[in-house]
Every structure is written in structure tokens, then in C-alpha cells.
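Everything below concerns the one structure shown next.
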Amino acid sequence: MRLFPQQDPYSHIARTYDSVVGPFLRPIRREICKVVLSQGYGSFLDICCGTGEQCEMLARLGLSATGIDLSPAMLATARAKSSGLVCYYEEDASRLHFSEESFDAILISLALHEKAPDVRDAIVREALRVLQKGGMLMIVDYTAPASTCGKLSLAFLSIAEWFAGSEHYAHFRSFMKSGALDALLRKHNLSPMRRSAFHWGATALVLAGKQP
Ligand SMILES: C[S@@+](CC[C@H](N)C(=O)[O-])C[C@H]1O[C@@H](n2cnc3c(N)ncnc32)[C@H](O)[C@@H]1O
């Protein structure tokens with residue numbers, strides 16, 4: 001059974017994603033490794049893991065890493081290069097099969113902006129459900145940059161979002177219009193404990209804890 005409603009929207013990019021998009025994300029991935037290791041977390045879930053780059057990096061550093069994604073093509077790329085240390089599941093992030101409080105650290109990277117608002121909210125709620133009390137939710141997504149460089153960077157990244165298709169782009173536009181990552185955090189009562197800006201402020205990694 002295939003869970004995407006239509007054809008897998010990532011089938012065209014899955015094989016080239018790591019070489020085309022990967023270099024732009026490398027500094028974020030390194031920062032995530034640093035954070036997760038410094039906190040001494042043992043288990044890590046990447047929701048919408050794509051080609052599994054972040055899972056593989058953390059698994060090589062000794063973490064128990066799990067990735068879920070809805071795209072068979074992205075998961076095929078992840079599995080093809082896998083060290084064998086990561087568990088991958090093809091499933092919908094808004095309906096995870098894991099039980100409550102299963103993971104110490106959870107990441108949602110560059111996936112929420114492309115979803116309709118109700119799906120976006122359901123994914124965040126699921127992440128919080130399966131996160132341990134005292135654990136860390138990490139979200140990487142677009143923000144509203146203040147500087148000219150940030151605005152130019154966002155304009156450049158918007159072109160990539162446009163190429164991803166009309167539905168994807170419409171959701172991206174509504175995400176930005178609604179206040180982007182910061183509005184989403186407020187909506188879910190998540191107060192960032194730490195925030196790192198990337199791409200001149202067009203994207204950010206935020207860390208939010210779940211109260212023990
Ligand atoms: C832009 S990619 C980001 C991949 C990865 N997180 C990264 O940072 O490179 C977005 C990913 O979200 C996945 N995705 C979209 N909707 C999903 C859903 N409802 N459940 C699980 N994965 C989903 C897509 O298949 C795609 O792999």
C-alpha cells in the first residue's frame with residue numbers, strides 16, 4: 001500500500017536530493033549532531049526523514065536512530081546507502097505507530113511548511129506524543145528574516161519551493177503568511193530553549209523541551 005494520495009511527489013528528486021539539497025543543509029545537520037550528543041540522548045526519531053542523512057550521521061555517532069517518511073522513493077535512497085544501523089518506516093507523520101514517550105530527541109526538518117495547516121498541527125502533536133518527558137523536540141523550518149540578506153536568501157529558497165509543485169508552494173506561502181516557524185511554535189505553546197539561524201536568517205533550528 002502506498003500512503004501518498006497521488007503519485008509520490010518526491011520520486012523525481014529522491015536520487016539527487018543529497019547532492020542538490022544536501023550541501024545547503026550540512027551546517028544544520030552538524031549542529032543537530034552537536035546538540036543531541038551534548039545532551040546525552042540515546043534515542044532519536046527523524047520525522048519526515050527524507051533520504052536519512054541525519055539518521056545516518058547520528059547512528060554513526062552511536063545513537064539509536066529511527067526515521068519515518070511517506071515517500072517510498074526517499075526511503076529507497078535512505079535504505080540504499082544505509083549503514084544498517086537505522087530503522088526506517090514508511091508511514092504518515094500525522095499518525096505515527098509508536099507509543100507515547102518512545103524517544104529522547106525528535107527532529108522535524110523542512111517538512112512542516114509544505115503541509116496544509118491541519119496536517120502540520122497533527123504532525124507536531126504526534127511528535128510531542130511520542131517524545132519522552134524531559135526530551136527535546138527540534139524543528140528546522142523557514143522563518144521571517146529581518147535583514148536584507150535574509151530576505152534575499154528567502155527569495156532564492158522560494159524559487160526551490162515553487163519548483164516543488166503548486167500544492168507544495170501554496171502550503172509554503174500560507175505557512176509564511178501565517179508567521180512561519182515562530183507562529184507555529186506559539187500555536188503549540190512551545191518555547192524555544194535555543195535557536196540557531198541559518199541561510200542568513202531565512203531558516204532556523206529551534207529546540208523546545210517537553211516538560212518532565
Ligand atoms: C523537504 S523533504 C525534507 C527531508 C529531510 N527532513 C531533510 O531535512 O532533508 C520533506 C520530506 O517530508 C516527507 N513527508 C511529507 N509529508 C509527509 C507525511 N505526511 N508523513 C511523512 N513524511 C512526509 C517527504 O516525503 C519528504 O521526504
Which atom pair, heavy atoms only, marks the closest approach of [X] to [Y]?
{"X": "L96", "Y": "E91", "result": "CA-OE2, 3.1 Å"}
{"X": "G52", "Y": "A78", "result": "N-CB, 3.9 Å"}
{"X": "G134", "Y": "Y41", "result": "O-OH, 3.9 Å"}
{"X": "S82", "Y": "E56", "result": "OG-OE2, 3.0 Å"}
{"X": "P145", "Y": "K151", "result": "O-CE, 3.6 Å"}
{"X": "L181", "Y": "A204", "result": "CD2-O, 3.8 Å"}

Determine whether [X] and [Y] fall in the same hydrophobic cluster, where Ile, Leu, Val, Met, Phe, Trp and Tyr are linked whenever their side-chain heavy atoms lie under 4.5 Å apart.
{"X": "F163", "Y": "L154", "result": "yes"}
{"X": "L207", "Y": "L112", "result": "no"}
{"X": "V36", "Y": "F198", "result": "yes"}
{"X": "L70", "Y": "I108", "result": "no"}
{"X": "I159", "Y": "M176", "result": "yes"}

Spatial distance of atom [atom1] ([X]) from atom [atom2] ([Y]) [nearest 0.5 Å]:
{"X": "I32", "Y": "L58", "atom1": "CD1", "atom2": "CG", "value": "8.0 Å"}
{"X": "L131", "Y": "E126", "atom1": "CG", "atom2": "CD", "value": "12.0 Å"}
{"X": "L107", "Y": "L137", "atom1": "CG", "atom2": "CG", "value": "8.5 Å"}
{"X": "T203", "Y": "L110", "atom1": "OG1", "atom2": "CG", "value": "7.0 Å"}
{"X": "R120", "Y": "K115", "atom1": "CZ", "atom2": "NZ", "value": "10.0 Å"}
{"X": "L45", "Y": "T66", "atom1": "CG", "atom2": "OG1", "value": "6.0 Å"}

When you measure from the side chain of [X] to the backbone of [Y], do you find a donor-acceptor pair of N or O atoms at a distance under 3.5 Å?
{"X": "T143", "Y": "G201", "result": "yes"}
{"X": "S153", "Y": "C149", "result": "no"}
{"X": "H97", "Y": "Y89", "result": "no"}
{"X": "S43", "Y": "S64", "result": "no"}
{"X": "D69", "Y": "G50", "result": "yes"}
{"X": "R29", "Y": "M57", "result": "no"}
{"X": "T77", "Y": "A14", "result": "yes"}
{"X": "D8", "Y": "S71", "result": "no"}

### Message
Between K133 and E101, does any side-chain N to carboxylate O distance fall below 4.0 Å?
### Response
yes
### Task
May I ask you to say whether E31 pairs ionically with R194, meaning some side-chain N is under 4.0 Å from a carboxylate O?
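Looking at R194 together with E31, the answer is yes, because their closest N to O distance falls below 4.0 Å.
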### Query
side chain to side chain contact (heavy atoms under 4.5 Å, CB included) between V124 and L190: does it pass, once the steps are laid out?
CA-CA 10 Å; V124 174; L190 293 167; 4.2 Å; yes
For the residue pair [X] and [Y], establish whether any side-chain heavy-atom pair is separated by less than 4.5 Å.
{"X": "P9", "Y": "H168", "answer": "no"}
{"X": "H171", "Y": "E167", "answer": "yes"}
{"X": "L25", "Y": "Q54", "answer": "no"}
{"X": "P23", "Y": "D18", "answer": "no"}
{"X": "L61", "Y": "C33", "answer": "yes"}
{"X": "D141", "Y": "L184", "answer": "no"}
{"X": "L157", "Y": "E161", "answer": "no"}
{"X": "I106", "Y": "M138", "answer": "no"}

### Message
Using side chain to side chain contact (heavy atoms under 4.5 Å, CB included), reason through H188 and D121 one step at a time and then give a plain yes or no.
### Response
CA-CA 8 Å; H188 290 273; D121 291 339; 3.0 Å; yes
### Steps toward salt bridge (charged side-chain N to carboxylate O under 4.0 Å, His left out) verdict (R195, D182)
CA-CA 11 Å; R195 179 193 182 95; D182 293 287; 2.7 Å; yes
### Query
Counting only heavy atoms not in K81, do more than 12 fall under 6.0 Å of its NZ?
yes
### Task
Please check if atom CZ in R129 has more than 12 non-hydrogen atoms from other residues, nucleotides or ligands closer than 6.0 Å.
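Check passes, neighbour count above 12.
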### Task
Check each of V140, I47, I28, L205 against S109 using the side-chain contact (heavy atoms from CB on, under 4.5 Å) test, and report the only one that passes.
V140
### Query
Could you walk me through whether F98 and F103 pass the ring-ring contact (aromatic ring centres under 6.0 Å, His included) check?
CA-CA 9 Å; F98 306 108; F103 298 93; 5.0 Å; yes
### Message
Taking the ring centre of each residue, are Y142 and F175 less than 6.0 Å apart?
### Response
no
